[in-house]
Amino acid sequence: MLKQCEGSHAVAEAVALARPEVICAYPISPQTHIVEGLGEMVKAGEIQDCEYINVESEFAAMSVAIGSSATGARTYTATASQGLLFMVEAVYNASGLGLPIVMTVANRALGAPINIWNDHSDSMSQRDCGWIQLFAENNQEAADLHIQAFKIAEELSLPVMVCMDGFILTHAYERVDMPTQEQVDAFLPPYVPRQVLDPRDPVSIGAMVGPEAYTEVRYLAHAKQMQALELIPKVSREFKEIFGRDSGGLVRPYLLEDADTVVIALGSVLGTIKDTIDEMRADGISIGVLGINSFRPFPVSAIRRALSHAKRIVVLEKSFAVGIGGIVATDVRMAMDGLDQRIYTVVAGLGGRNITRASLHRVLRMAMHDQLEGLHFMDLEWNIVNRELDRERQTRRSGPIAENILRDLGQTKSNVG
Amino acid sequence: MGHQDIKFYQTGTFTVGNRLLPPEQRSVQADMERTNSLNSGHRACQGCGEALGARYAIDAAMRATGNRLVAVNATGCLEVFSTPYPETSWQIPWIHSLFGNAAAVATGVAAANKVKARKAGLALPETRVIAQGGDGGTTDIGFGCLSGMFERNDDVLYICYDNQAYMNTGVQRSSATPPAARTATTMPVGDEPGNEWGQGKNVPLIAMAHGIPYVATASVSDLRDLEYKVTKAMNMRGARYIHIFVPCPLGWGSASQDTIKLARLAKETGLFPVFEAEYGEVTNVSKIRQKQPVEAYLRLQRRFAHLFGKKPRLDVVARFQEMADQNIRKFGLLGSDRAAVGFPGSEHK
Ligand SMILES: Cc1ncc(C[n+]2csc(CCOP(=O)(O)OP(=O)(O)O)c2C)c(N)n1
Ligand code: SF4
Ligand SMILES: [Mg+2]
């Protein structure tokens with residue numbers, strides 16, 4: 001059924017259709033509307049046989065999820081940013097134990113400086129945590145991915161993180177085709193756990209493992225992610241059969257076949273990039289886009305296959321590894337190992353900074369002429385940066401950086417204004 | 001079956017032979033059908049109070065729940081000594097997640113069981129859950145999750161095995177470590193050797209302040225009382241807390257055979273009050289039977305040896321005595337007095 005609704009609402013409805021049995025909630029922007037919506041649905045009896053638990057922290061949210069999932073209940077939670085960091089120890093534990101929890105991450109920047117706006121630093125900080133990480137391009141896909149996520153998670157006995165851009169998607173009103181309960185029931189079978197805390201068949205879960213077997217247990221976690229490389233496209237195909245649309249999968253090519261230059265990105269920014277590329281194509285430029293839908297597992301072969309003909313690759317990332325540079329770009333380099341291609345990293349959209357078509361045109365044209373530096377920070381205000389660097393050279397007690405910069409910005413503005 | 005009325009008073013103990021009791025009062029451990037939930041062969045030290053306490057507690061909970069029990073374990077000695085890969089001593093469904101989240105994981109188990117029961121058309125879940133951890137996992141790192149579980153009144157019995165330090169990592173101070181005690185992070189050096197005198201953190205009283213259905217303290221010196229309290233707790237629903245005093249020969253520098261003796265002395269000095277509370281009100285205290293001076297307790301432990309060395313610290317011993325005497329007054333531990341002081345939450349029912 002077509003609906004004009006907020007992204008968070010679409011996700012809450014999709015999760016409800018998956019018939020969750022335990023939902024744990026702790027609020028953080030921009031995730032709040034999702035768990036609020038689910039809370040209301042449970043209370044109103046629209047989701048039946050479900051426990052909705054208001055916990056005291058994200059660490060508790062993931063811990064409650066671990067307990068309920070290990071007891072065989074289909075379990076969901078959602079978080080973002082500081083909340084994801086606060087639960088990290090339990091995030092690793094959930095995947096280490098092989099518990100198929102589904103969690104939305106409403107992507108948001110990480111502090112300090114505290115910032116509620118969108119980028120991908122939160123999810124990327126957990127790229128090695130053993131969870132499957134799927135990124136949604138729009139609200140339709142965000143809703144669809146949640147339904148797929150339960151299937152993928154439960155089939156593999158691995159937790160899945162569905163990443164959607166905070167505010168840009170969570171708070172945007174878009175048209176979404178909401179599946180029916182019959183469709184979802186036909187797609188998603190009831191959860192049959194591989195391990196469960198059951199007095200009729202007692203098991204010990206989470207025992208200590210020493211050097212004699214730790215490597216094997218860890219390798220199996222990797223092996224499962226490799227299985228996911230086959231399962232994710234399969235689930236996407238099954239989804240299409242029932243719901244009639246393309247959603248999910250590993251990668252999403254756009255105008256790629258003959259493209260000399262290919263842009264790689266994740267999430268909602270793909271929309272802006274595609275618009276830009278349409279305009280560039282109209283100017284006769286040979287350029288295309290590859291959206292990465294599954295960041296973990298990282299689809300090395302699919303990317304290599306899709307990009308082997310490209311002359312240059314521009315990886316546009318909404319986060320970066322301080323001290324080295326691109327996170328996605330590093331993985332892309334690995335996928336393209338041995339091929340003679342220039343690979344650029346463009347860091348953009350940090351802490352909610354707009355990624356405009358104008359900036360994309362400028363940066364992509366520079367890349368096409370191979371005039372871009374290997375690691376480029378799009379729309380970085382050099383004068384602000386240099387002013388602070390100067391201040392630090394001159395004064396020992398230069399003060400807090402963020403506050404200095406805000407003051408500088410105020411002065412610049414008043415100078416201008 | 002013929003039996004005699006019980007005469008409890010023997011020399012300093014409540015010990016009574018099972019054969020003197022009617023069958024329903026006999027201890028769980030004396031029962032041929034006991035589940036041995038924490039089976040033999042684990043790696044605890046000789047004389048480990050925690051292993052003893054856990055065995056009695058879990059078997060009693062198993063009996064009370066008709067063997068439908070799940071245990072969630074915090075990281076710590078109990079977890080490590082019971083499950084060295086690839087072995088496990090647990091005969092019941094058991095999960096270890098992290099050091100500081102046992103209460104929350106148990107909340108998840110309880111929630112899942114509630115949903116399953118509802119789906120099966122049952123009013124209440126048949127399978128119940130216990131969370132358990134050491135003092136560090138309870139009073140320090142797991143405190144937030146514990147308080148959250150209390151506040152929501154989740155159907156979990158949380159058991160804290162209090163051996164008064166982080167034993168599993170090599171005897172470091174926790175917020176349950178007594179003042180002046182030697183630990184690896186409070187060494188007996190300097191002018192004030194051993195642990196600082198702080199304000200202490202009394203988690204049973206804090207648990208009572210949450211107004212939860214049941215809070216009790218217990219000790220491995222009175223295992224029958226421990227079984228009784230666990231059984232009682234498992235016959236209730238909602239958040240429940242039992243804090244068990246479990247001496248640790250390795251961490252305390254005490255003789256393995258003195259574990260029970262030390263636990264008894266802790267109670268008989270007044271240093272560890274043994275009581276029950278319901279909905280924030282004390283309902284029962286175990287009286288001191290033969291009051292002992294704190295020195296008798298302290299002297300048996302090398303962690304307090306510096307108090308009795310070349311420069312004896314009788315002033316510190318006197319402060320311990322004050323602490324014990326205050327407990328005696330506050331909880332009414334002597335004679336037939338009622339508790340003298342109101343407890344948090346006791347003013348309203
Ligand atoms: C987050 C975290 N911090 C620290 C540790 C290290 N650690 C493991 S067990 C333990 C001590 C446990 O002490 P306690 O809870 O009192 O139990 P005991 O071993 O004394 O029975 C510590 C500090 C850990 N496993 N996880
Ligand atoms: S160190 Fe203490 S608590 Fe740990 S096993 Fe040994 S006696 Fe028991
Ligand atoms: Mg301890």
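What you see below is based on every heavy atom in this structure, not just the backbone, and it leaves out hydrogens, waters and symmetry mates. Chain letters run A, B, ... following the sequence lines, proteins first, then strands; residues in each count from 1.
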Counting heavy-atom pairs closer than 4.5 Å to chain A, which one of [options] comes out on top?
{"options": "B/Val70, B/Asn113, B/Leu98, B/Asn67", "result": "B/Leu98"}
{"options": "B/Ile92, B/Asp154, B/Thr83", "result": "B/Thr83"}
{"options": "B/Ser147, B/Ala110, B/Gly100, B/Ala103", "result": "B/Gly100"}

Given the options [options], which has more heavy-atom pairs under 4.5 Å with chain B than any of the others?
{"options": "A/Val64, A/Val55, A/Val203, A/Leu97", "value": "A/Val64"}
{"options": "A/Arg200, A/Glu51, A/Arg74, A/Glu21", "value": "A/Glu51"}
{"options": "A/Pro199, A/Ala73, A/Ala94, A/Ala61", "value": "A/Pro199"}
{"options": "A/Asp201, A/Thr75, A/Val196, A/Val22", "value": "A/Val22"}

Distance in Å, B/Thr35 OG1 paired with B/Met62 CE, rounded so as to fall on 0.5 Å steps: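 B/Thr35 atom OG1 to B/Met62 atom CE measures 4.0 Å (nearest 0.5 Å).
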
Can you tell me how far the CG atom of A/Leu99 sits from the CD1 atom of A/Ile66, to the nearest 0.5 Å? 6.5 Å

NZ/NE/NH1/NH2 to OD/OE distance under 4.0 Å, [X] and [Y]:
{"X": "B/Lys114", "Y": "B/Asp155", "value": "no"}
{"X": "B/Lys119", "Y": "A/Asp49", "value": "no"}
{"X": "B/Arg63", "Y": "B/Glu227", "value": "no"}

Which portion of [X] sits near chain B, non-hydrogen atoms under 4.5 angstrom:
{"X": "A/Ala90", "result": "both"}
{"X": "A/Ser204", "result": "both"}
{"X": "A/Val209", "result": "both"}
{"X": "A/Ile53", "result": "side chain"}
{"X": "A/Glu212", "result": "side chain"}
{"X": "A/Asn54", "result": "backbone"}
{"X": "A/Ala60", "result": "both"}
{"X": "A/Cys50", "result": "backbone"}

Interchain contact, [X] with chain A, by part (heavy-atom threshold 4.5 Å):
{"X": "B/Val72", "answer": "neither"}
{"X": "B/Ala111", "answer": "both"}
{"X": "B/Thr127", "answer": "side chain"}
{"X": "B/Glu79", "answer": "side chain"}

Under the 3.5 angstrom rule, does the side chain of B/Arg128 hit a backbone N or O of B/Met234 as a donor-acceptor pair?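 At least one qualifying donor-acceptor pair exists.
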
Quick one: does B/Thr65's side chain have a donor or acceptor within less than 3.5 Å of a partner on B/Ala61's backbone? yes

Applying side chain to side chain contact (heavy atoms under 4.5 Å, CB included) between A/Glu36 and each of A/Ile34, A/Leu38, A/Thr32, report the one that passes. A/Thr32

Please report the C-alpha distance between B/Asn73 and B/Trp94 in whole Å, then the side-chain angles of each, then the deciding distance to 0.1 Å, and finally whether the side-chain contact (heavy atoms from CB on, under 4.5 Å) criterion is met. CA-CA 7 Å; B/Asn73 217 127; B/Trp94 177 92; 3.0 Å; yes

Quick check: B/Tyr241 with B/Tyr214 (ring centres under 6.0 Å apart)? no

If you count the non-hydrogen atoms of other residues, nucleotides and ligands that lie under 6.0 Å from CD in A/Glu46, is the total more than 12? yes

Should the heavy atoms of other residues, nucleotides or ligands under 6.0 Å from CZ of A/Phe86 be counted, would the total exceed 12?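 Counting other residues, nucleotides and ligands, CZ of A/Phe86 stays at 12 neighbours or fewer.
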
